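Have a look at the structure below before the remarks.
Any value given below was found using the heavy atoms of this structure, including those in side chains, with hydrogens, waters and symmetry copies removed. Fair warning: this is a prediction, and the values are worked out from it, not measured in the lab.
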Amino acid sequence: MQGLMMSMPLTITSILRHARRNHPQVEVVSVTADNPRHRTTVGECLQRSAQLAHALQAQGVKEGDRIATLAWNDYRHFETYYGVSCMGAVLHTINPRLHPEQLAYILNHAEDQWLLLDPAFMPLLAAVKDKVPELKGAIVLCEQEDLPDAPEGVALYSYEAFIEGQPVEYDWPELDENAASSLCYTSGTTGHPKGVLYSHRSTVLHAIAAAQKDVLCLGATDCVLPVVPMFHVNAWSIPYVAPMVGAKLVFPGPKMGDGETLHDLINDEGVTMALGVPTVWLGLLNYLEANGKTLEGLERMGVGGSACPTSLMRKYSENYGVEVIHAWGMTEMSPIGTVNTLRPGMEDLPESEYWTMRAKQGRTVFPVEMSIFDDDGNELPWDGKAYGALKVRGPWVVSGYYQRPEVDAVDRRGWFDTGDVATIDSAGFMQITDRTKDVIKSGGEWISSIELENVAMSHPDVAEAAVIAAAHPKWDERPLLIVVRKPGQQVGSDELLAHFDGKVAKWWTPDAVEFVDELPHGATGKVQKMALRERFADFKFSA
Ligand code: AMP
């Protein structure tokens, strides 16, 4: 027997309608390249989303077409989240820190038709324009008078002129809730970046869950500052959650890494919840300590993307009265998988036990399921000691990568292997202990070890090379290059590092080189990265 309840599709358009009707007056504050405090409202932004949809439609954009962005967090980027997805097209947010080669690969693989970009990223457009034949034009997120010169052969518009005069209402289509809404490529795997294609349903379910008390705990009295980029898993879904619950939004624009700006935004705008990777919060802490500043109304700080050091949590809690909430997730998980929020009685744990527990990545958010498995696929006990491959499943977890049918994202039993290794304790708190995927996470963004190894191996004096993540006080991890020279060769660190120039993004270049006589190999001849990570566990980069 079927239930007799309405079946309303869960679409991003439903968030848009709800926000326009219920809290259009809620403020949206942005730092932009030319305005330290741009002010608007959710209602105005969503009207401009409708204008964008009209303008794109006039250019022939149809349901399912991919529209790319290369932009920092601000109100215009926020408008694209709704204008593009609600008209039925797919918003493809791209990381502007990628090397132009990778950017061209991603634009082509996604077959993006239009690119919306901040003026600061014009050099990237110039670098890729001849390699992206499908791209019909680019829209610069600026006023008409600030429109930069168009690179040769590119149809270039300013965003403001592009949407000007378009109606502020749009007859949004009734979309299937399983229709694609947005696309984000992850470099956190081996090989080419892979596209994770979110659906309206997965996005809305994730946003509803993210707002819950034991997740991000967001409501209409909150003011939220996403310092996590809008090109990285939809800024952890904040651009959807805030309009859904009516929370004020504060966007840091290009000033994400600037402690002073973050401090001023938090105190002046009444931010209650801020989210970002550990590197960002370390930068803010350094600014606060160096300048004797305080944080006025900030209650909670969501930290994820990399393991959060306990010292950082303690300092914010003890010196600034801010609760640091450690969370874990992935691009493939929209992103939230676990959050470290307390169970009854945990607050009374002895101090050291309390902080040991808070440093864990946390417990699952319903309805995501997780478990740990040994190499034979047997489920391991949740005893806080057994560790194994961390696998997840749920309605906002990837089922396959975009246009990559050859990659099995999910195993026979429906689990997605995260590439993380973890323990889970009897209270359900997961803790990451290692990683099986061969990548490095620096300041919240991925670096491919394999690509770096290929560059190193292309040097004529190198016999073998391996790149591992080594702990770094500011960036969490940085690449350490380990090299076996060819017999009789004496190539040094400087020459080897100079060999990376122009071949990878500058910030990918390893920070140090260690020369060894041989690398550890497994039975199949593969370099044993785990053994290398253990050997260089105490490695310290020079300041
Ligand atoms: P991304 O897809 O770029 O968001 O990266 C996801 C990966 O980042 C995870 O699979 C982990 O390897 C790592 N990660 C995310 N959050 C945490 C965390 N809180 N602690 C440790 N590693 C994390």
Side-chain angles (χ1 to χ4, degrees), residues 186-191 277-279 304-312 326 328 330 356 359-361 372-375 380 384-391 417-424 430-457 462-485 493 496-497 500 504 507-543:
T186 174
S187 308
T189 59
T190 42
V277 296
T279 303
S306 294
C308 183
T310 320
S311 57
L312 192 75
H326 194 191
W328 165 87
M330 300 181 73
T356 304
K360 296 187 178 191
Q361 277 72 11
I372 42 175
F373 296 83
D374 68 14
D375 289 347
L380 292 164
K385 294 191 194 82
Y387 61 87
L390 177 65
K391 299 189 182 184
D417 188 343
T418 64
D420 290 319
V421 177
T423 60
I424 305 177
M430 181 273 285
Q431 182 159 36
I432 304 230
T433 56
D434 202 353
R435 194 186 279 159
T436 52
K437 47 196 173 193
D438 198 3
V439 276
I440 296 156
K441 205 164 203 195
S442 168
E445 303 295 340
W446 292 112
I447 296 174
S448 158
S449 327
I450 292 168
E451 275 196 47
L452 296 182
E453 285 159 8
N454 287 341
V455 175
M457 303 274 268
V462 171
E464 200 174 11
V467 175
I468 58 166
H472 189 281
K474 177 170 179 192
W475 301 109
D476 273 311
E477 296 175 9
R478 287 296 301 158
L480 171 65
L481 172 61
I482 302 159
V483 167
V484 182
R485 294 187 188 100
S493 302
L496 263 182
L497 294 180
F500 286 82
V504 292
W507 64 277
W508 276 35
T509 303
D511 283 25
V513 188
E514 287 283 306
F515 293 96
V516 294
D517 293 335
E518 60 178 337
L519 294 176
H521 293 96
T524 57
K526 233 174 122 182
V527 173
Q528 290 177 314
K529 292 285 179 87
M530 219 179 246
L532 276 180
R533 283 198 291 270
E534 269 166 32
R535 174 165 168 198
F536 289 97
D538 297 326
F539 181 85
K540 298 246 175 317
F541 291 106
S542 51

Worksheet item: Below 4.5 Å, heavy atoms only, C-beta onward: do V467 and P479 meet side chain to side chain?
Response: yes
Fill in: Heavy-atom check, side chain of V484 versus side chain of V516, under 4.5 Å
yes
Worksheet item: When rounded to the nearest 0.5 angstrom, what distance separates CG in D417 from NZ in K437?
Response: 8.5 Å
Item to complete: With the side chain counted from C-beta on, respond yes when P520 and R535 share a heavy-atom pair under 4.5 Å apart, and no when they do not.
Response: no
Discussion item. Has S449 got a side-chain atom pairing as donor or acceptor with D438's backbone, closer than 3.5 angstrom?
Written reply: yes
Practice prompt. Answer yes or no: is there an ion pair linking R435 with E477, defined by an N-O contact shorter than 4.0 Å?
Written response: yes
Fill in: From I482 atom CD1 to F536 atom CZ, the distance as rounded to the nearest 0.5 Å
4.5 Å
Worksheet item: Run the side-chain contact (heavy atoms from CB on, under 4.5 Å) check on W446 and T189 step by step: do they pass?
Response: CA-CA 9 Å; W446 292 112; T189 59; over 6 Å; no
Worksheet item: Looking only at atom types and distance, does a side-chain atom of T436 sit under 3.5 Å from a main-chain N or O of G419, one as donor and one as acceptor?
Response: yes
Discussion item. Any heavy-atom pair between the side chains of S187 and S448 that's under 4.5 Å?
Written reply: no
Item to complete: Look up atom CD1 in I432 and atom CG in D420, then write down how far apart they are to the nearest 0.5 Å.
Response: 3.5 Å
Worksheet item: Quick one: CG on L452 to OG1 on T509, what's the gap to the nearest 0.5 Å?
Response: 7.5 Å
Item to complete: Evaluate whether atom OH of Y387 has more than 12 neighbouring non-hydrogen atoms of other residues, nucleotides or ligands under 6.0 angstrom away.
Response: no
Discussion item. Please report the interatomic distance CD(E445) to CG(D476), rounded to the nearest 0.5 Å.
Written reply: 12.0 Å
Discussion item. So which atom in A466 and which in L519 form the shortest heavy-atom distance, rounded to 0.1 Å?
Written reply: CB-CD1, 3.9 Å
Response to the item:
Heavy atoms of L480 and A470 approach each other most closely as CB-CB, 4.1 Å
Fill in: K360 side chain to I424 backbone, donor-acceptor under 3.5 Å
no
Practice prompt. Report yes if some heavy atom in the side chain of T418 is under 4.5 Å from a heavy atom in the side chain of W328; otherwise report no.
Written response: yes
Discussion item. Check whether K441 reaches the backbone of G305 with its side chain - one donor and one acceptor, N or O, closer than 3.5 Å.
Written reply: yes
Practice prompt. Would you please test F500 and L481 for side-chain contact (heavy atoms from CB on, under 4.5 Å) and show each step?
Written response: CA-CA 12 Å; F500 286 82; L481 172 61; 3.9 Å; yes
Worksheet, complete the sentence: For G443 and T279 the tightest heavy-atom approach is CA-OG1, 3.4 Å
Fill in: Derivation and outcome, side-chain contact (heavy atoms from CB on, under 4.5 Å), residues E453 and V527
CA-CA 11 Å; E453 285 159 8; V527 173; over 6 Å; no
Worksheet item: With no hydrogens and no angle check, is any side-chain donor or acceptor of T310 less than 3.5 Å from a backbone partner on A359?
Response: no
Discussion item. So if I apply the side-chain contact (heavy atoms from CB on, under 4.5 Å) rule between D434 and each of E534, M530, K529, which one comes out positive?
Written reply: M530
Practice prompt. Kindly determine whether W508 and S442 satisfy side-chain contact (heavy atoms from CB on, under 4.5 Å), including the steps that lead there.
Written response: CA-CA 9 Å; W508 276 35; S442 168; over 6 Å; no
Item to complete: Specify the closest pair of heavy atoms between G304 and P278, including all atoms of both residues, with the distance to one decimal.
Response: O-CD, 3.5 Å
Discussion item. Just so I know, are the side chains of T186 and M330 near enough to count as touching, which here means a heavy-atom distance under 4.5 Å?
Written reply: no
Discussion item. For a side-chain hydrogen bond (donor to acceptor under 3.5 Å, both in side chains) check, start with the C-alpha distance between W475 and D511, then their side-chain angles and the critical distance, and finish with the verdict.
Written reply: CA-CA 11 Å; W475 301 109; D511 283 25; 5.8 Å; no
Worksheet item: Rounded to the nearest 0.5 Å, how far does CD of E464 lie from CE of M457?
Response: 5.5 Å
Discussion item. Has H472 got a side-chain atom pairing as donor or acceptor with R478's backbone, closer than 3.5 angstrom?
Written reply: no
